[in-house]
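A short write-up of the structure that comes next.
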Amino acid sequence: MSWYRPADMGFAVRSKLADLGLGARLFLRLVFRGARSLRRFGLVRDQIHFLGNYSLAIIAVSGLFVGFVLGLQGYYTLQRYGSSEALGLLVALSLVRELGPVVAALLFAGRAGTSLTAEIGLMKAGEQLSAMEMMAVDPVQRILAPRFWAGVITMPLLAAVFSAVGVSGGYVVGVLMLGVDPGAFWGQMQGGVDVWRDVGNGVVKSIAFGFTVTFIALLQGYESLPTPEGVSRATTRTVVAASLAVLGLDFLLTAMMFSI
């Protein structure tokens with residue numbers, strides 16, 4: 001076959017291995033050197049405000065409508081079996097176990113992840129990172145690490161807001177619109193949701209998603225080509241790679257958590 005060239009395949013494999021090596025080195029630098037940035041918590045605090053506060057609106061609105069949909073779909077499904085009182089339990093488990101961490105992470109990747117990639121990519125295109133290195137300032141420790149830790153801290157908080165607003169949306173639809181008994185709604189939820197097994201697993205998922213999405217966003221921005229086209233392609237790669245990573249990681253974490 002004329003299109004098959006072993007040299008091209010070897011070059012592609014070598015390039016992917018080099019990219020994996022660069023990503024691993026950057027991750028180690030973020031974890032070990034970035035721990036020093038926590039001493040200057042003001043930098044992390046500013047990034048928490050940037051990532052969390054500006055993502056709060058889309059997270060809250062999305063959580064509210066997801067709660068509405070869960071309330072409607074859950075009610076008409078449970079009503080077939082005469083179990084409409086379990087609507088609160090269904091909504092709460094669906095949100096804290098699965099939809100809260102996953103949907104919040106996908107929205108976080110689309111809102112905050114793209115902002116991080118574009119910001120780092122533009123700083124690289126403007127040679128600001130190179131200028132910092134010339135002044136003996138480590139850009140990983142000064143620029144990337146505060147954003148990394150801010151993303152790790154912000155993601156669980158946003159997932160909690162998403163789940164809380166979603167439960168409120170389910171209450172509005174189920175109790176106020178469809179007439180489910182409010183005592184049964186909250187009682188079933190309180191009796192069926194386990195703090196450690198259900199809520200705790202959701203928190204672990206959201207922390208893992210925060211690590212993954214924030215690191216992918218920073219890596220794509222840090223390794224982007226210093227051109228407008230390079231920054232735009234890096235931003236697109238961030239959304240695609242982070243979304244696929246979240247969904248794949250969600251399957252692995254769910255399989256481990258609920259099989260033990």
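This structure is a prediction, so every number in the text was calculated from the model and none was measured.
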Just wondering, do Trp149 and Thr214 contact through their side chains at under 4.5 Å, heavy atoms? no

How about Thr235 and Gln220: do any of their side-chain heavy atoms sit closer than 4.5 Å? no

Nearest 0.5 Å please: distance from the [atom1] atom of [X] over to the [atom2] atom of [Y].
X      : Y      : atom1 : atom2 : result
Arg147 : Ile48  : CZ    : CD1   : 12.5 Å
Leu158 : Ile153 : CG    : CD1   : 12.0 Å
Leu107 : Ile59  : CG    : CD1   : 4.5 Å
Leu116 : Ile216 : CG    : CD1   : 12.0 Å
Ile143 : Ile120 : CD1   : CD1   : 6.5 Å
Leu247 : Phe209 : CG    : CZ    : 8.0 Å

Would you say the side-chain atoms of [X] pair up with the backbone N or O of [Y], donor to acceptor, closer than 3.5 Å?
X      : Y      : answer
Thr254 : Phe251 : no
Lys124 : Tyr222 : yes
Thr117 : Ala217 : yes
Asn201 : Arg197 : yes
Thr227 : Gly230 : yes
Ser224 : Gly221 : yes
Ser163 : Ala160 : no
Thr114 : Arg111 : yes

Side chains of residues 61-74: which donor-acceptor partners sit under 3.5 Å, not counting sequence neighbours?
residue: Ser62; atom: OG; partner: Ile58; partner atom: O; Å: 2.7

Do [X] and [Y] land in one hydrophobic cluster if side-chain heavy atoms of ILVMFWY residues count as linked below 4.5 Å?
X      : Y      : answer
Met155 : Tyr54  : yes
Val172 : Leu89  : yes
Met177 : Val91  : yes
Val213 : Leu244 : no
Leu176 : Tyr76  : yes

Check the pair Tyr75 / Leu90 against side chain to side chain contact (heavy atoms under 4.5 Å, CB included), numbers first and verdict last. CA-CA 9 Å; Tyr75 176 79; Leu90 173 65; over 6 Å; no

So, for [X] and [Y], which heavy atoms are closest and what is the spacing to 0.1 Å?
X      : Y      : value
Pro156 : Val152 : CD-O, 3.0 Å
Leu253 : Ala208 : CD1-CB, 3.9 Å
Ala104 : Ala159 : CB-CA, 3.9 Å
Leu218 : Leu144 : CD1-O, 3.5 Å

Start with the C-alpha distance between Met189 and Val167, add both sets of side-chain angles, then the distance that settles side chain to side chain contact (heavy atoms under 4.5 Å, CB included), and finish with yes or no. CA-CA 10 Å; Met189 184 188 308; Val167 170; 3.6 Å; yes

Does Arg233 have more than 12 heavy atoms from other residues, nucleotides or ligands lying within 6.0 Å of its CZ? no

Gln128 atom CD, neighbour heavy-atom count above 12 within 6.0 Å: yes

Set out, in order, the CA-CA distance, both residues' side-chain angles and the distance that settles side chain to side chain contact (heavy atoms under 4.5 Å, CB included) for Arg97 and Lys205, then state yes or no. CA-CA 9 Å; Arg97 280 187 176 185; Lys205 280 186 177 183; 5.6 Å; no

CA sep, side-chain torsions, deciding dist, call: Tyr171, Val180, side chain to side chain contact (heavy atoms under 4.5 Å, CB included): CA-CA 9 Å; Tyr171 175 83; Val180 176; over 6 Å; no

Would you check if the distance from the ring center of Phe211 to the ring center of Phe215 is below 6.0 Å? no

